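Read the structure below first, then the notes.
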Amino acid sequence: MGLGRDLTSLEHTVLGVLLKLQPCRAHAVVMEFASSQNLAFRSKAGSIYPLMTRLTQAGLLHNEGRKYRLAPAGVEELTRWVRPPFTADQVSTNLDLLRSRMYFLETLDEAERLAFLDYAEAELVGLLERVEHLVGEHVEIGDYFGELATMGAVKETEARIAWIRAVRERLVAGRPG
């Protein structure tokens, strides 16, 4: 069996979500993605349901009474994906649309640049509150590795807030670059 190709990051992530939730219905997996703070994991039901069917047909999942769980081959595939080595694209910086916009701040006047930074910081502070809450949820349910993974989102968001504040300081000091 198998898919005849390497699994995508989304397929591997579905295996990981199932590891945490199993046994569960496909809808539970869809809801996990829908509630994610990570936009990379915001897949729609239209993607997840057929993906889970493919993974079942490939022998990576078992579907018993409309409830899914990982098959031994699914556990092996997930484990293989989690282990190093990682490719350069798997450890590089993520697509950051805020950072992309920063490249073109010259199109805004000074007041608009500062408004951009104020807005970005407020949104990041809100995101930080949400991901800190998620860490607490992982602690409450005893999901130690979920807690550790979500701490990465906290640290990343804190770093982005510090970056926005450093940019503001430089712009106010008159070095717009």
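Here the structure is a predicted model, which means the values were calculated and not measured.
- Although no hydrogens or angles enter the test, the distance criterion places a donor-acceptor pair under 3.5 Å between the side chain of Glu112 and the main chain of Asp109.
- Annotation: the span from Met52 atom CE to Leu15 atom CG amounts to 9.0 Å, rounded to 0.5 Å.
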Practice prompt. Please step through side-chain contact (heavy atoms from CB on, under 4.5 Å) for the pair Thr53 and Asn63, ending with a clear verdict.
Written response: CA-CA 9 Å; Thr53 299; Asn63 183 358; over 6 Å; no

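- For residues 115-155, there are no ring pair (Phe, Tyr, Trp, His ring centres under 6.0 Å) pairs, not counting sequence neighbours.
- Considering all non-hydrogen atoms of both residues, Asp96 and Leu98 come closest at OD1-N, 2.9 Å.
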Discussion item. Checking Ile164 against Met102 for the side-chain contact (heavy atoms from CB on, under 4.5 Å) test, could you report, in this order, the C-alpha distance in whole Å, the side-chain angles of both residues, the deciding distance, and whether it holds?
Written reply: CA-CA 10 Å; Ile164 290 293; Met102 188 71 69; 3.9 Å; yes

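- With hydrophobic clusters built from ILVMFWY side chains whose heavy atoms lie under 4.5 angstrom apart, Ile141 does not share a cluster with Val154.
- A donor-acceptor pair is defined here as one N or O able to donate and one able to accept, closer than 3.5 Å; such a pair exists between the side chain of Thr107 and the backbone of Phe104.
- With sequence neighbours left out, the side-chain hydrogen bond (donor to acceptor under 3.5 Å, both in side chains) criterion links Arg101 to no other residue.
- Shown here are the side-chain contact (heavy atoms from CB on, under 4.5 Å) partners of Ala71, two or more places apart in sequence or in another chain: His62.
- Shown here are the side-chain hydrogen bond (donor to acceptor under 3.5 Å, both in side chains) partners of Arg168, two or more places apart in sequence or in another chain: Asp118, Glu121.
- Distance OG1/Thr150 to CG/Leu134: 6.0 Å, rounded to 0.5 Å.
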Let me check something: any side-chain donor-acceptor pairs from residues 79-87 under 3.5 Å, sequence neighbours excluded? List them with distances.
unit_1: Thr79; atom_1: OG1; unit_2: Val75; atom_2: O; d: 2.8
unit_1: Arg80; atom_1: NE; unit_2: Glu77; atom_2: OE1; d: 3.3
unit_1: Arg80; atom_1: NH2; unit_2: Glu77; atom_2: OE2; d: 2.4
unit_1: Thr87; atom_1: OG1; unit_2: Asp89; atom_2: OD1; d: 2.3
unit_1: Thr87; atom_1: OG1; unit_2: Gln90; atom_2: OE1; d: 3.2

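- Between Arg113 and Glu110, none of the side-chain N atoms (NZ, or NE/NH1/NH2) sits under 4.0 Å from a carboxylate O, so this pair counts as no salt bridge.
- The side-chain contact (heavy atoms from CB on, under 4.5 Å) search around Ala28 returns Leu21, Cys24, not counting sequence neighbours.
- Here the CZ atom belonging to Arg170 is positioned 12.5 Å from the CG atom belonging to Leu117, to the nearest 0.5 angstrom.
- Lys20 pairs by the side-chain hydrogen bond (donor to acceptor under 3.5 Å, both in side chains) definition with Asp143, not counting sequence neighbours.
- Put simply, CG on Leu61 and CG on Leu55 are 5.0 Å apart, with the number rounded to the nearest 0.5 Å.
- Evaluation of the side-chain contact (heavy atoms from CB on, under 4.5 Å) rule for Glu129 yields Val125 as partners, not counting sequence neighbours.
- Residues satisfying the salt bridge (Lys or Arg N to Asp or Glu O under 4.0 Å) criterion with Glu156, sequence neighbours excluded, are absent altogether.
- Every residue was checked against the side-chain hydrogen bond (donor to acceptor under 3.5 Å, both in side chains) condition with Arg54, not counting sequence neighbours, and none meets it.
- Ala73 and Gly59 get closest at one heavy-atom pair: CB-O, 3.6 Å.
- Rounding to the nearest 0.5 angstrom, the gap separating the NZ atom in Lys67 from the CZ atom in Arg25 is 6.0 Å.
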Practice prompt. Could you walk me through whether Leu70 and Leu60 pass the side-chain contact (heavy atoms from CB on, under 4.5 Å) test, one step at a time?
Written response: CA-CA 6 Å; Leu70 288 177; Leu60 300 172; over 6 Å; no

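- Separating the CD1 atom in Ile48 from the OG1 atom in Thr13 is a distance of 9.0 Å, to the nearest 0.5 Å.
- Residues passing the side-chain contact (heavy atoms from CB on, under 4.5 Å) test with Glu140, sequence neighbours excluded: none.
- The hydrophobic cluster of Met31 has no other members, since no ILVMFWY side-chain heavy atom comes under 4.5 Å of it.
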Practice prompt. Would you check, one step at a time, whether the test side-chain contact (heavy atoms from CB on, under 4.5 Å) holds for Val29 with Tyr49?
Written response: CA-CA 9 Å; Val29 175; Tyr49 288 114; over 6 Å; no

Practice prompt. Give the intermediate values and the outcome of salt bridge (charged side-chain N to carboxylate O under 4.0 Å, His left out) for residues Arg5 and Glu11.
Written response: CA-CA 12 Å; Arg5 61 168 172 77; Glu11 290 166 333; 2.7 Å; yes

Practice prompt. Decide yes or no on salt bridge (charged side-chain N to carboxylate O under 4.0 Å, His left out) for Lys155 and Glu158, but give the supporting numbers first.
Written response: CA-CA 5 Å; Lys155 296 298 183 186; Glu158 289 172 341; 3.7 Å; yes

